[in-house]
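Below is one structure, written out as structure tokens; comments come after it.
Computed from a prediction, not measured in an experiment: that's the story for all the values here.
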Amino acid sequence: MAAIVIVGAQWGDEGKGKATDILGGRVDYVVKPNGGNNAGHTVVVGGEKYELKLLPAGILSENAIPILGNGVVINLEALFEEIEGLEARGADASRLRISANAHLVAPYHQIMDRVQERFLGKRAIGTTGRGIGPTYQDKVGRVGIRVQDIFDESILRQKIESALDVKNQILVKMYNRKAIVAEEIVQYFLGYAERLRPMMIDSEYVLNTALDEGKHVLMEGGQATMLDVDHGTYPFVTSSNPTAGGACVGSGVGPTKITSSLGIIKAYTTRVGAGPFPTELFDKWGEYLQTVGGEIGVNTGRKRRCGWYDSVIARYASRVNGFTDYFLTKLDVLTGIGEIPICVAYEVDGVRHDEMPMTQSEFHHAKPIFETMPAWDEDITGCTTFEELPEKAQNYVRRLEELSGARFSYIGVGPGRDQTIVIHDVLDNQL
């Protein structure tokens with residue numbers, strides 16, 4: 001039995017899709033436990049690039065059954081559009097299964113998301129505008145719509161009417177928008193019922209039974225640690241818990257069944273949206289990382305903010321998630337840049353912080369303390385073992401490992417599935 005959690009260790013976009021794709025072909029189930037179509041993954045298979053938004057990267061694995069877990073919020077229009085896009089390219093999406101307890105994004109959630117962001121103005125969070133936050137708000141407020149609800153028209157109508165009682169008051173009286181007609185939303189959801197019916201499962205039962213039978217489950221988290229609603233840079237966070245503990249909640253798999261916690265971390269740091277970012281670059285190197293690293297959001301098309309590697313964040317992520325291993329991605333992007341700064345600590349109001357400051361205010365004012373290491377000039381994209389890497393690249397990786405709180409077991413040297421150096425395989429002792 002193996003239950004492996006994959007978690008982003010920074011602000012997302014670390015390369016979780018590639019990690020899932022590599023491991024997913026050797027497990028029985030790949031589960032997405034949180035997020036929605038605001039958490040994109042890019043996977044390169046056979047030279048072809050796939051940009052996944054709502055679907056788990058495991059959808060591209062030949063053997064694994066992909067599941068959208070109970071912690072995911074699902075935009076049905078986006079779901080079937082993505083499925084059709086994959087099938088048009090010859091991919092098989094017929095194995096996809098969806099938890100009956102997953103919540104659904106309604107059209108009014110997207111409306112609320114956009115008008116709220118506009119209303120906030122300069123204080124806007126920087127959401128994707130896809131209704132993810134408002135859907136989670138309704139989930140916690142107990143007025144959410146779940147997958148199972150669209151198969152009981154009476155319950156569906158009651159829930160939608162209840163949700164719109166307050167929302168229409170806000171839209172009309174506060175935002176000067178038209179009221180939403182409940183019946184239109186009811187018919188919107190009912191229109192997807194028959195397509196969705198064969199996919200719906202009791203995912204908690206299916207996954208736990210599989211583990212009890214000695215099968216292997218990979219949990220593919222969306223977003224990342226620093227976007228966790230509890231442990232991230234609040235309020236500039238997502239609305240779910242994209243940490244290892246959140247993966248348990250969002251899949252129904254208990255923590256005692258987790259055998260490995262794999263953190264995905266980039267060889268530098270990026271972030272999309274607003275919020276503090278201590279190592280952010282505003283010079284030619286920021287532009288270089290953005291251009292050479294292809295740092296544009298899969299979902300949003302927004303350029304990612306870029307900065308040097310932050311080992312304070314890495315140590316924090318290791319602690320919060322209990323990482324057993326790290327998967328370092330995009331090492332090749334740093335080839336030929338001369339000197340590579342590494343953030344080893346922060347300075348806040350004249351005081352050195354080797355660990356994450358306790359308060360958001362302190363973190364907002366944190367200034368990075370750097371040490372530098374020489375970069376390498378050799379092309380590393382064809383390296384298949386750690387020993388094949390140039391000595392300077394090896395030294396850089398070893399130093400990051402010393403600073404980051406968990407061993408580095410995988411190193412990405414290019415975007416392709418086969419451009420990965422495996423030092424320790426988390427599945428070796430479990431398959």
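- Side-chain atoms of Met219 and Ile258, non-hydrogen and from C-beta on, do get closer than 4.5 Å to each other.
- Ion pairing between Glu14 and Lys16 holds under the 4.0 Å rule for side-chain N and carboxylate O.
- In this structure, Tyr192 and Leu79 have side chains that are not in contact, with every pair of non-hydrogen atoms separated by 4.5 Å or more.
- Residues passing the side-chain hydrogen bond (donor to acceptor under 3.5 Å, both in side chains) test with Thr135 are His109, sequence neighbours excluded.
- When side chains are defined from C-beta on, Tyr309 does not count as touching Ile340, because their heavy atoms never get closer than 4.5 Å.
- The side-chain hydrogen bond (donor to acceptor under 3.5 Å, both in side chains) contacts involving residues 98-107 comprise Ser99-Ser203, Asn101-Arg146, Asn101-Gln148, Asn101-Glu204, where partners must be two or more places apart or lie in separate chains.
- Residues Asn208 and Lys257 form a side-chain contact, since some pair of their non-hydrogen atoms from C-beta on lies under 4.5 Å apart.
- Every side-chain contact (heavy atoms from CB on, under 4.5 Å) that Glu355 has, sequence neighbours left out, goes to Arg315, Arg319.
- Ser162 pairs by the side-chain contact (heavy atoms from CB on, under 4.5 Å) definition with Val143, not counting sequence neighbours.
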Handout entry: Worked check of side-chain contact (heavy atoms from CB on, under 4.5 Å) between Glu371 and Arg399
Key = CA-CA 11 Å; Glu371 65 177 48; Arg399 181 57 178 150; 2.7 Å; yes
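- Within 6.0 Å of CD in Glu402 there are more than 12 heavy atoms belonging to other residues, nucleotides or ligands.
- Applying the 6.0 Å contact sphere to NE2 of His353 captures more than 12 heavy atoms from other residues, nucleotides or ligands.
- In Arg142, the CZ atom is not crowded: 12 or fewer heavy atoms of neighbouring residues, nucleotides or ligands sit closer than 6.0 Å.
- Thr420 and Lys18 form a side-chain donor-acceptor contact under 3.5 Å, judged by distance and modelled atom types alone.
- With sequence neighbours left out, Thr359 forms a side-chain hydrogen bond (donor to acceptor under 3.5 Å, both in side chains) with Glu362.
- Taking Phe408 as the reference, Tyr326 meet the ring pair (Phe, Tyr, Trp, His ring centres under 6.0 Å) condition, with sequence neighbours excluded.
- Checked against side-chain hydrogen bond (donor to acceptor under 3.5 Å, both in side chains), Lys266 has the following partners two or more places apart in sequence or in another chain: Thr270, Glu295.
- Residues satisfying the side-chain contact (heavy atoms from CB on, under 4.5 Å) test with Val292, not counting sequence neighbours, are Tyr288, Val333.
- Legend: residues meeting side-chain hydrogen bond (donor to acceptor under 3.5 Å, both in side chains) with Asp310, ordered by chain and number and at least two apart, are Tyr346.
- Residue pairs satisfying the side-chain hydrogen bond (donor to acceptor under 3.5 Å, both in side chains) criterion with at least one member in residues 275-286, sequence neighbours excluded, are listed as follows: Glu280-Arg305.
- Residues Ser239 and Val229 form no side-chain contact, since every pair of their non-hydrogen atoms from C-beta on lies 4.5 Å or further apart.
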Practice task
Starting from the C-alpha separation in whole Å, work towards a yes-or-no answer on side-chain contact (heavy atoms from CB on, under 4.5 Å) for Arg130 and Val105.
Solution key: CA-CA 8 Å; Arg130 287 172 168 80; Val105 179; over 6 Å; no
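- Two residues are said to be in side-chain contact when any heavy atoms from C-beta on lie closer than 4.5 Å; Trp308 and Ile342 fail this criterion.
- Residues Pro56 and Leu68 meet the side-chain proximity criterion, which asks for heavy atoms closer than 4.5 Å.
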Practice task
Could you give me the CA-CA distance, side-chain angles and deciding distance for Leu86 and Leu60, then say whether side-chain contact (heavy atoms from CB on, under 4.5 Å) is met?
Solution key: CA-CA 9 Å; Leu86 282 180; Leu60 297 173; 4.2 Å; yes
Practice task
Please lay out, stage by stage, how Ile4 and Thr259 fare under the test side-chain contact (heavy atoms from CB on, under 4.5 Å).
Solution key: CA-CA 6 Å; Ile4 299 166; Thr259 52; 4.1 Å; yes
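- Atom CD of Glu81 has 12 or fewer neighbouring heavy atoms from other residues, nucleotides or ligands inside a 6.0 Å radius.
- Applying the ring pair (Phe, Tyr, Trp, His ring centres under 6.0 Å) test to every pair with at least one member in residues 128-148, sequence neighbours left out, gives no pairs at all.
- Residues Met199 and Ile83 form a side-chain contact, since some pair of their non-hydrogen atoms from C-beta on lies under 4.5 Å apart.
- Every residue two or more places apart in sequence or in another chain that forms a side-chain contact (heavy atoms from CB on, under 4.5 Å) with Thr384 is listed here: Glu388.
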